[in-house]
Asks: 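A single structure is presented below for examination.
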Amino acid sequence: MDEIEKLQTRTDSIEERECPTNFTEFKRKRSKTEKKYERYRKRIENYKIKKKRKKCLSQENGEKVERELKEKEQKYENFLSKKQMKEKIMERLNQVYASSGNSLKICIDCSFIDKMSSKEMSRLAQQIGRCYATNKSLEHPVHFSLCNLDANSNFYKELCRVNDGFERYILEKTNQSLIEKFSDKKENICYLSPDADQYLEDIDTEKIYVIGGLVDETVNKKVTLSKCNDLKIKTYALPIEKYLSRKIGDQEENRKYNYNKILAINQVFNVLAHVFEHKDWVTALDTNVPKRKGFISHKSS
């Protein structure tokens with residue numbers, strides 16, 4: 001009996017080893033339906049992710065398009081027609097003459113007309129027209145005036161001929177002499193002459209900067225300087241050689257340059273206007289002094 005029980009226990013232990021009671025140890029194979037469902041579920045998840053990304057992108061693009069449209073609308077609102085632009089310029093110029101306290105004051109002295117030929121007068125008229133064109137383009141226009149200008153003179157007729165609509169130009173025109181016009185501000189007159197000994201350093205709204213209206217192809221020296229000495233007016237030269245260097249090359253190249261410091265009226269006007277707006281003598285002179293004169297900025301040299 002004992003032997004039978006031993007045999008029975010042995011067989012039970014063998015069966016337990018071969019057939020374990022923990023069914024989780026077995027890995028059951030998935031059916032085709034389950035595999036198919038799993039693939040379908042993954043496809044659905046991927047589709048949802050892609051849809052979400054697409055939605056985000058469309059929102060970003062929509063915002064971008066909206067921003068661009070708003071920018072275009074703002075540009076369109078800021079856009080002015082030619083008529084509106086002209087009205088705005090006229091308004092800006094009229095404001096300067098209504099209250100010129102904070103404006104740069106430039107006057108062209110037209111008392112040298114009798115010293116010029118008809119060709120030289122024509123060139124002077126063109127240069128005055130360029131000064132006016134520059135003044136219209138400035139953010140802060142200059143209080144621009146012409147003195148010693150007789151409305152019945154040949155020069156006035158030349159101004160009207162060369163510059164279309166000169167009669168309607170918004171600038172101050174007077175037949176008074178320089179001293180008559182600025183009799184109470186004589187000490188504030190700064191007459192610009194290339195022959196002056198002292199350099200112009202600062203631009204001040206209290207000062208009146210006078211440019212001699214002279215185009216002289218024969219280059220008579222010290223014409224404006226001698227007039228100022230007679231009238232006891234302060235004279236200043238543009239600081240060309242202070243801020244620009246003479247370009248020195250070989251002998252043949254040096255012959256091309258005359259190192260002449262006499263500038264056209266509009267070039268002097270542009271220099272003063274640029275320095276007043278930007279406080280930068282180097283750029284003002286380097287831009288407006290013609291390269292043929294042989295001057296270059298210190299940076300270039």
Side-chain angles (χ1 to χ4, degrees), residues 96 102-109 112 120 123-124 126-146 171 188-217 219-225 227-228 233-249 253-301:
V96 170
N102 297 322
S103 302
L104 172 64
K105 299 166 191 68
I106 298 177
C107 176
I108 294 178
D109 179 13
F112 303 99
E120 289 167 342
R123 284 181 60 193
L124 177 60
Q126 289 172 7
Q127 291 174 15
I128 289 172
R130 289 183 195 128
C131 291
Y132 184 72
T134 298
N135 202 29
K136 286 197 298 180
S137 67
L138 292 173
E139 191 178 342
H140 304 288
V142 171
H143 186 285
F144 185 29
S145 59
L146 305 173
L171 54 82
N188 289 336
I189 295 174
C190 300
Y191 208 112
L192 294 165
S193 171
D195 304 306
D197 297 324
Q198 192 175 350
Y199 283 144
L200 182 68
E201 293 291 345
D202 301 313
I203 305 290
D204 187 358
T205 54
E206 295 296 319
K207 305 289 184 183
I208 300 112
Y209 298 93
V210 182
I211 306 169
L214 177 64
V215 175
D216 186 9
E217 292 181 349
V219 191
N220 291 319
K221 291 186 177 181
K222 300 186 179 180
V223 176
T224 52
L225 185 64
K227 177 182 177 175
C228 292
I233 297 172
K234 295 174 188 174
T235 56
Y236 297 90
L238 291 178
I240 294 173
E241 291 202 87
K242 181 178 179 180
Y243 293 100
L244 301 181
S245 305
R246 291 193 176 201
K247 190 175 181 181
I248 299 169
E253 190 180 3
N254 288 345
R255 287 196 198 106
K256 297 177 187 175
Y257 309 128
N258 55 16
Y259 303 112
N260 190 344
K261 291 175 282 183
I262 299 171
L263 302 181
I265 309 297
N266 57 295
Q267 289 166 349
V268 178
F269 185 97
N270 291 349
V271 168
L272 294 174
H274 189 281
V275 173
F276 180 70
E277 281 207 343
H278 304 286
K279 309 291 185 271
D280 184 359
W281 276 106
V282 177
T283 306
L285 292 168
D286 192 37
T287 306
N288 292 288
V289 175
K291 301 302 177 191
R292 67 176 181 275
K293 291 187 180 288
F295 292 103
I296 55 170
S297 66
H298 295 312
K299 293 174 185 176
S300 303
S301 60

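Note that the numbering runs from 1 along the sequence shown for the chain.
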Asks: Between F144 and L104, is any pair of side-chain heavy atoms under 4.5 Å apart?
Replies: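 The answer is no, as the side chains (C-beta and beyond) never meet within the 4.5 Å cut-off.
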
Asks: Salt bridge (Lys or Arg N to Asp or Glu O under 4.0 Å) with E206: which residues, sequence neighbours excluded?
Replies: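 For E206 there are no salt bridge (Lys or Arg N to Asp or Glu O under 4.0 Å) partners, ignoring immediate neighbours.
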
Asks: Using side chain to side chain contact (heavy atoms under 4.5 Å, CB included) as the criterion, list what pairs up with N270, not counting sequence neighbours.
Replies: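 N270: side chain to side chain contact (heavy atoms under 4.5 Å, CB included) contacts with T134, N288.
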
Asks: Got a second to check how far E120's CD is from L214's CG, nearest 0.5 Å?
Replies: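 Rounded to the nearest 0.5 Å, the CD-CG separation comes out at 7.5 Å.
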
Asks: For Y132, give me all partners under ring pair (Phe, Tyr, Trp, His ring centres under 6.0 Å), at least two apart in sequence or on another chain.
Replies: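 Ring pair (Phe, Tyr, Trp, His ring centres under 6.0 Å) list for Y132, sorted by chain: Y169.
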
Asks: Apply side chain to side chain donor-acceptor pair (under 3.5 Å) to T235 and list each qualifying residue two or more places apart in sequence or on a separate chain.
Replies: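 Once residues adjacent in sequence are excluded, T235 has no partner under the side chain to side chain donor-acceptor pair (under 3.5 Å) criterion.
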
Asks: Report the residues that fulfil side chain to side chain donor-acceptor pair (under 3.5 Å) with K227, sequence neighbours left out, ordered by chain and then residue number.
Replies: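 Result, side chain to side chain donor-acceptor pair (under 3.5 Å) vs K227: D109, S111.
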
Asks: Side chains of I240 and L238: closer than 4.5 Å at any heavy-atom pair?
Replies: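 Of all side-chain heavy-atom pairs linking L238 with I240, at least one is under 4.5 Å.
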
Asks: Please list all pairs meeting salt bridge (Lys or Arg N to Asp or Glu O under 4.0 Å) that have one or both residues in residues 257-267, counting only residues at least two apart or in different chains.
Replies: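 Listed by first then second residue: E241-K261.
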
Asks: Roughly how far, to the nearest 0.5 Å, is NE2 of H143 from CG of L171?
Replies: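 One gets 10.0 Å once the value is rounded to the nearest 0.5 Å.
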
Asks: Using 0.5 Å steps for rounding, measure from the CZ atom of F269 to the CD1 atom of I211.
Replies: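 Rounded to the nearest 0.5 Å, the CZ-CD1 separation comes to 7.0 Å.
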
Asks: For the pair Q127 (side chain) and A264 (backbone), establish whether a donor and an acceptor sit closer than 3.5 Å, ignoring hydrogens and angles.
Replies: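 Pair absent, no side-chain N/O of Q127 close to backbone of A264.
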
Asks: Under a 4.5 Å cut-off applied to non-hydrogen side-chain atoms, are L272 and L192 in contact?
Replies: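 Heavy-atom side-chain distance check passes, below 4.5 Å.
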
Asks: Within the side chain of N135, is there an N or O that forms a donor-acceptor pair under 3.5 Å with the backbone of V142?
Replies: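 Pair found, side chain donor or acceptor close to backbone of V142.
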
Asks: Do you know the tightest heavy-atom contact between S103 and F276?
Replies: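 Result for this residue pair: C-CZ, 4.4 Å.
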
Asks: Going by side chain to side chain contact (heavy atoms under 4.5 Å, CB included), name the residues that satisfy it together with V275, two or more places apart in sequence or in a different chain.
Replies: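 I203, V271, W281, A284.
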
Asks: Does K279 have any salt bridge (Lys or Arg N to Asp or Glu O under 4.0 Å) partners at least two apart in sequence or in another chain, and if so, which?
Replies: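 So K279 forms no salt bridge (Lys or Arg N to Asp or Glu O under 4.0 Å) with any residue.
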
Asks: What are the two closest heavy atoms between I108 and G213, and how far apart are they?
Replies: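 Closest heavy-atom pair between I108 and G213: CG2-CA, 3.9 Å.
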
Asks: Between atom OG1 of T205 and atom NE2 of H140, what is the distance when rounded to the nearest 0.5 Å?
Replies: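 Nearest 0.5 Å value for the OG1-NE2 distance: 12.5 Å.
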
Asks: For T287, what residues pass the side chain to side chain contact (heavy atoms under 4.5 Å, CB included) criterion, not counting sequence neighbours?
Replies: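 Residues passing side chain to side chain contact (heavy atoms under 4.5 Å, CB included) with T287: T283.
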
Asks: Identify, with sequence neighbours excluded, every residue that meets side chain to side chain contact (heavy atoms under 4.5 Å, CB included) alongside E139.
Replies: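 E139: side chain to side chain contact (heavy atoms under 4.5 Å, CB included) contacts with E277.
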
Asks: Output every pair passing side-chain hydrogen bond (donor to acceptor under 3.5 Å, both in side chains) with a member in residues 192-201, not counting sequence neighbours, ordered by first then second residue.
Replies: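 Output for this query lists S193-T224, E201-K242.
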
Asks: Check step by step if side chain to side chain contact (heavy atoms under 4.5 Å, CB included) holds for F112 and L124.
Replies: CA-CA 11 Å; F112 303 99; L124 177 60; over 6 Å; no

Asks: Restricting to non-hydrogen atoms, name the atom on V282 and the atom on S297 that form the minimum distance, rounded to 0.1 Å.
Replies: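 Closest approach of V282 to S297: CG1-CB, 4.0 Å.
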
Asks: Side chains of K105 and Y209, heavy atoms from C-beta outward: is any pair under 4.5 Å?
Replies: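 They are not in side-chain contact.
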
Asks: Could you walk me through whether K291 and D286 pass the side chain to side chain contact (heavy atoms under 4.5 Å, CB included) check?
Replies: CA-CA 8 Å; K291 301 302 177 191; D286 192 37; 2.8 Å; yes

Asks: Could you pull out the closest heavy-atom pair between G212 and Y191, with the gap in Å?
Replies: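 Shortest heavy-atom contact: CA-OH, 3.5 Å.
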
Asks: L244 versus P239: any side-chain heavy-atom pair under 4.5 Å?
Replies: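 Sidechains of P239 and L244: no contact.
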
Asks: Taking salt bridge (Lys or Arg N to Asp or Glu O under 4.0 Å) as the test, write out the residues that go with K293, two or more places apart.
Replies: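 Salt bridge (Lys or Arg N to Asp or Glu O under 4.0 Å) list for K293, sorted by chain: empty.
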
Asks: Hey, could you give me the CD/SG distance between Q267 and C131, rounded to the nearest 0.5 Å?
Replies: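 Between Q267 CD and C131 SG, I get 10.0 Å after rounding to 0.5 Å.
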
